[in-house]
Amino acid sequence: MFNSLSERLEGAFKNLKGEAKISDLNIANTVKDIRRALIDADVNYKIAKEFTDKVKDKALGEKVLNAISPGQLMVKIVRDELTELMGGTEANFNSSGNPAVILIAGLQGSGKTTFSGKLANYLKTKKGKAPLLVAADIYRPAAIDQLTVLANQIGVEVYAERDNKDAVAIAQNAINEAKTKNKNVVIIDTAGRLAIDETMMTEVANIKNAVNPTEILFVVDSMTGQDAVNTAKAFNDRLNFSGVVLTKLDGDTRGGAALSIKYTVQKPIKFVSSGEKMETLDVFYPDRMAQRILG
Ligand code: GDP
């Protein structure tokens with residue numbers, strides 16, 4: 001994950017290794033390398049520039065201290081700023097309610113259904129919850145089957161209505177079903193399209209208005225870089241979602257989505273998903289991710 005970015009940043013710091021003191025010149029050179037590395041990782045230019053301007057200011061401000069080596073100082077500053085860029089501290093995920101309603105939205109193929117299963121498994125095994133998974137994709141009957149296969153793996157029930165073409169009604173019926181069956185978290189897997197379109201956005205917004213979700217999670221494929229960020233913007237404009245889920249971090253992703261999304265939509269990344277197994281879901285910790293990027 002983020003291999004290329006990690007290598008490039010390491011290279012930027014390496015150039016400082018031989019330096020005894022941090023200076024305006026070596027700060028400027030290192031910052032330039034860091035900016036290029038971020039842009040090549042598909043971080044938007046404006047974000048990369050603002051990021052490196054902050055790093056530069058901090059380095060200039062601390063250069064007089066000279067307590068640690070220039071290389072160590074820069075690594076520390078960059079680690080702190082990466083953590084900040086990705087949200088600073090771990091975001092809260094609210095699964096309380098009777099039932100809590102978690103709405104899952106995103107483009108088709110982003111990993112929504114897989115994530116829905118993983119989240120149900122996480123809430124069941126780590127939080128002692130009784131989840132109900134809801135298949136609210138009325139366009140692809142196969143989506144119900146896919147969710148059922150995952151649900152069977154983790155021992156969670158699925159609510160679906162194969163002949164109902166009203167996604168809002170399905171979601172509402174599912175919540176009633178959860179109440180009668182004592183399920184305390186309802187996870188609604190909605191339909192996705194290959195691109196953002198009005199019908200899909202209206203449908204998911206209607207579900208939101210009808211069920212008053214506890215959390216709305218926007219699921220996005222981290223391999224899609226700047227597109228991920230643009231899609232996030234479009235979904236946030238319509239849904240005002242509460243958090244982001246980055247999927248496919250097990251692939252050869254460059255890092256742009258992880259680094260840019262929080263800045264762009266001002267919503268935290270709450271979970272990261274890496275793999276197709278139901279157990280591969282992690283709560284997102286900005287500091288740990290920054291540490292992983294820096295190796
Ligand atoms: P949806 O259309 O948004 O519901 O997406 P799916 O959950 O069906 O996922 C689309 C494809 O990506 C499927 O083949 C999944 O197995 C795969 N997938 C989902 N999440 C991950 C992940 O974190 N890592 C990898 N490698 N593949 C994933």
Side-chain angles (χ1 to χ4, degrees), residues 1-3 93 102-123 126 131-154 156 158-160 162 167 170-171 174 186-197 199-201 203-204 207-208 213 215-225 227-232 234-236 238-239 241 243-258 261 269-285 288-289 292:
M1 185 184 71
F2 305 162
N3 286 340
F93 175 70
I102 318 295
L103 187 63
I104 312 295
L107 294 182
Q108 190 173 315
S110 59
K112 278 187 311 300
T113 303
T114 309
F115 168 72
S116 298
K118 289 184 184 192
L119 181 66
N121 186 53
Y122 166 84
L123 291 171
K126 302 264 166 66
L132 178 68
L133 279 163
V134 184
D137 185 342
I138 53 171
Y139 309 97
R140 289 189 315 132
I144 301 177
D145 302 330
Q146 189 192 348
L147 193 63
T148 307
V149 168
L150 298 177
N152 286 341
Q153 283 174 28
I154 58 173
V156 167
V158 171
Y159 183 86
R162 280 186 194 269
I170 294 171
V186 175
I187 301 169
I188 306 173
D189 181 20
T190 61
R193 302 291 159 77
L194 291 173
I196 295 159
D197 72 50
T199 318
M200 165 193 167
M201 283 299 188
E203 181 183 277
V204 70
I207 298 177
K208 174 191 169 176
E215 291 267 358
I216 303 172
L217 296 178
F218 167 68
V219 178
V220 68
D221 179 343
S222 60
M223 307 280 280
T224 56
D227 277 347
V229 177
N230 295 333
T231 313
F235 272 82
N236 195 45
R238 279 306 280 272
L239 290 180
F241 54 68
V244 177
V245 178
L246 276 183
T247 65
K248 310 191 191 180
L249 278 178
D250 50 317
D252 185 21
T253 148
R254 284 189 287 170
I261 268 189
I269 300 171
K270 296 201 173 182
F271 292 100
V272 284
S273 172
S274 45
E276 293 172 65
K277 292 209 179 82
M278 286 296 98
E279 296 76 28
T280 53
L281 179 71
D282 291 307
V283 169
F284 182 73
Y285 296 100
R288 289 188 202 169
M289 184 59 89
R292 274 179 77 172

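Ligands are counted one by one from 1 in listed order, and the atoms in each one are counted from 1 as well. These values consider heavy atoms only, across backbone and side chains, with no hydrogens, waters or symmetry-generated copies.
Near D250, meaning under 4.0 Å from any of its heavy atoms, are these atoms of ligand 1: 22 (C), 23 (O), 24 (N), 25 (C), 26 (N). Shown in contact with L107 at under 4.0 Å from a heavy atom are these atoms of ligand 1, numbered in order with element: 3 (O). Ligand-side atoms of ligand 1 in range of S273: 23 (O), range being under 4.0 angstrom from any heavy atom.
With respect to atom 8 (O) of ligand 1, the closest heavy atom belonging to the protein is Q146 NE2, 2.8 Å. For atom 3 (O) of ligand 1, the closest non-hydrogen atom on the protein side is K112 N, 2.8 Å.
Taking 4.5 Å as the limit, some side-chain heavy atom of T190 sits within range of a side-chain heavy atom of I207.
Residues R162 and D145 are paired through a salt bridge, judged by an N-O separation under 4.0 Å between the basic side chain and the carboxylate.
Residue-to-ligand polar distances place E276 within reach of ligand 1: an N/O pair is separated by less than 3.5 Å. For a threshold of 3.5 Å applied to N or O pairs, the pair formed by Q108 and ligand 1 contains no separation below that value.
Inside a 4.0 Å radius of atom 25 (C) of ligand 1 there is at least one protein heavy atom.
No hydrogens or angles considered: nothing links the side chains of Q108 and Y139 as a donor-acceptor pair under 3.5 Å.
The aromatic rings of F115 and F271 sit tilted relative to each other, their planes meeting at an angle between 30° and 60°.
Around atom 22 (C) of ligand 1, the closest heavy atom drawn from G106, S222, G275 belongs to G275.
Residues forming a side chain to side chain contact (heavy atoms under 4.5 Å, CB included) with R292 (at least two apart in sequence, or on another chain): M1.
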